[in-house]
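One-based numbering, in listed order, for ligands and for the atoms of each. Worth saying up front: this structure is predicted, and the values here are computed from it rather than measured.
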Amino acid sequence: MQRFKNKTALVTGGTNGMGLATAEKFIEEGGTVIITGRTDETVKSALAKLGENAFGIVSNAGNMKDLMNVQQEVRKYTDHIDVIFANAGYGKFAPVEYVDENQFDELFNVLVKGPFFTVQQILPLMKRGGSVIFNTSVATDIAMPNFSVYSAAKSATQSFIKTFAVELTERGIRVNGVSPGHIKTNIFNNTGLTAGQIEGAVRDIIPTIPFKRQGEPAEIANVVLFLASEEASYIHGAEIKVDAGISVIR
Ligand SMILES: NC(=O)c1ccc[n+]([C@@H]2O[C@H](COP(=O)([O-])OP(=O)(O)OC[C@H]3O[C@@H](n4cnc5c(N)ncnc54)[C@H](OP(=O)(O)O)[C@@H]3O)[C@@H](O)[C@H]2O)c1
């Protein structure tokens, strides 16, 4: 299928995990992609994998100066964006008593301010038929220990699906969300956990997943492409859970 021929997508956090898998699929289907990531090294390495239909911007979704520059940076490559996948992010997890203001602000900066101001800044480049997709999380459905701030931040992002949808309806821009369950990415690498602790956490999570396996980034990317495509032309203000049923099966 070539559903995205002549279309350009902005994928924030496109250097790894779900963002990279989504960028790969957009390109496979004829699209051009602009990815963001925090370092020159990660962006360059992703661009080497993605090939000539990808462009990259070093931009920190948790930094207001970078967010205010994102439109200018995107304009170096294109004057229009058809699809935004607001995906950049990571988690930091701690019991309530151990959360300090820095950690609280850090997560709200990257997970709430990041997607909000990215979409705000890119909107002038979007026309009728455009599509915005927010990446939320199963953490908005299930109360997990140590997830208080992450879950609160993702719940704020989840609210943008509806509030942006109501404002963008008149402009013909659809707004939706994808809510991943436990997906095999580098999500735990920014947490400060050691490799052994990450392995232990994943080992503990797997038995709780109805399919007894983590999801693949491509399984999220498939849904993002569907939501961005004409096949989803009547879907607006919706969040699709891609979580092997973990949010509804006990
Ligand atoms: N994995 C899961 O189980 C899971 C479940 C639900 C939701 N999520 C959400 O899914 C999204 C993608 O995460 P992932 O699991 O695919 O993790 P990942 O493999 O670590 O990828 C995260 C991506 O986001 C980028 N990124 C992180 N912080 C950034 C920042 N401040 N500014 C710009 N880019 C940033 C990273 O790029 P650089 O390293 O180059 O900056 C990387 O490209 C996140 O919003 C995460 O919260 C993950």
Side-chain angles (χ1 to χ4, degrees), residues 10-24 33-50 54 56-67 69-70 73 84-93 105-118 133-142 144 147 149-158 160 177-193 198 201-202 205-206 208-209 211 213-221 223-224 239-244 246-247:
L10 173 67
V11 176
T12 70
T15 66
N16 200 71
M18 300 176 222
L20 179 60
T22 301
E24 281 167 347
V33 173
I34 301 174
I35 58 163
T36 71
R38 283 165 299 182
T39 69
D40 198 40
E41 195 191 340
T42 53
V43 170
K44 277 198 179 127
S45 144
L47 291 180
K49 292 176 200 153
L50 291 169
I57 297 171
V58 177
S59 176
N60 184 341
N63 177 294
M64 260 330 258
K65 192 162 158 271
D66 284 4
L67 289 166
N69 270 338
V70 78
E73 290 296 315
I84 303 175
F85 181 33
N87 162 76
Y90 54 84
K92 287 212 169 157
F93 309 103
D105 288 346
E106 181 184 338
L107 285 188
F108 269 74
N109 283 342
V110 68
L111 297 176
V112 186
K113 273 182 160 178
F116 185 97
F117 287 104
T118 299
I133 296 139
F134 290 103
N135 191 339
T136 62
S137 172
V138 66
T140 64
D141 294 304
I142 303 176
M144 291 180 272
F147 272 66
V149 183
Y150 181 80
S151 170
K154 284 294 189 181
S155 297
T157 310
Q158 185 185 47
F160 298 154
V178 62
S179 177
H182 298 292
I183 311 300
K184 209 185 294 167
T185 68
N186 282 347
I187 181 89
F188 286 124
N189 292 12
N190 287 289
T191 54
L193 295 176
I198 293 174
V202 171
I205 286 167
I206 287 180
T208 70
I209 303 172
F211 293 174
R213 66 171 177 88
Q214 287 176 288
E216 296 296 331
E219 292 177 294
I220 302 299
V223 178
V224 176
E239 184 187 42
I240 300 187
K241 296 177 199 296
V242 189
D243 64 4
I246 194 171
S247 53

Practice task
Enumerate the protein residues lying less than 4.0 Å from ligand 1, judged by heavy-atom distances, in chain and residue-number order.
Solution key: Gly13, Gly14, Thr15, Asn16, Gly17, Met18, Gly37, Arg38, Thr42, Ser59, Asn60, Ala61, Gly62, Asn87, Ala88, Gly89, Tyr90, Val110, Asn135, Thr136, Ser137, Tyr150, Lys154, Pro180, Gly181, His182, Ile183, Thr185, Asn186, Ile187
Exercise for the section: With sequence neighbours left out, write down each residue that passes ring pair (Phe, Tyr, Trp, His ring centres under 6.0 Å) with Phe211, or none if nothing qualifies. Expected result: none
Exercise for the section: Verify the distance criterion only: is there a donor paired with an acceptor across the side chains of Glu239 and Thr136 at less than 3.5 Å? Expected result: yes
Exercise for the section: Return yes when atom CD of Glu216 has more than 12 non-hydrogen atoms of other residues, nucleotides or ligands closer than 6.0 Å, and no otherwise. Expected result: yes
Problem - Ile187: side chain to side chain contact (heavy atoms under 4.5 Å, CB included) partners, not counting sequence neighbours - result: Tyr150, Thr185
Problem - Partner residues of Glu219 under the salt bridge (charged side-chain N to carboxylate O under 4.0 Å, His left out) criterion, sequence neighbours left out - result: Arg213
Handout entry: Pairwise side-chain contact, Val138 with Lys241, heavy-atom cut-off 4.5 Å (strictly under)
Key = no
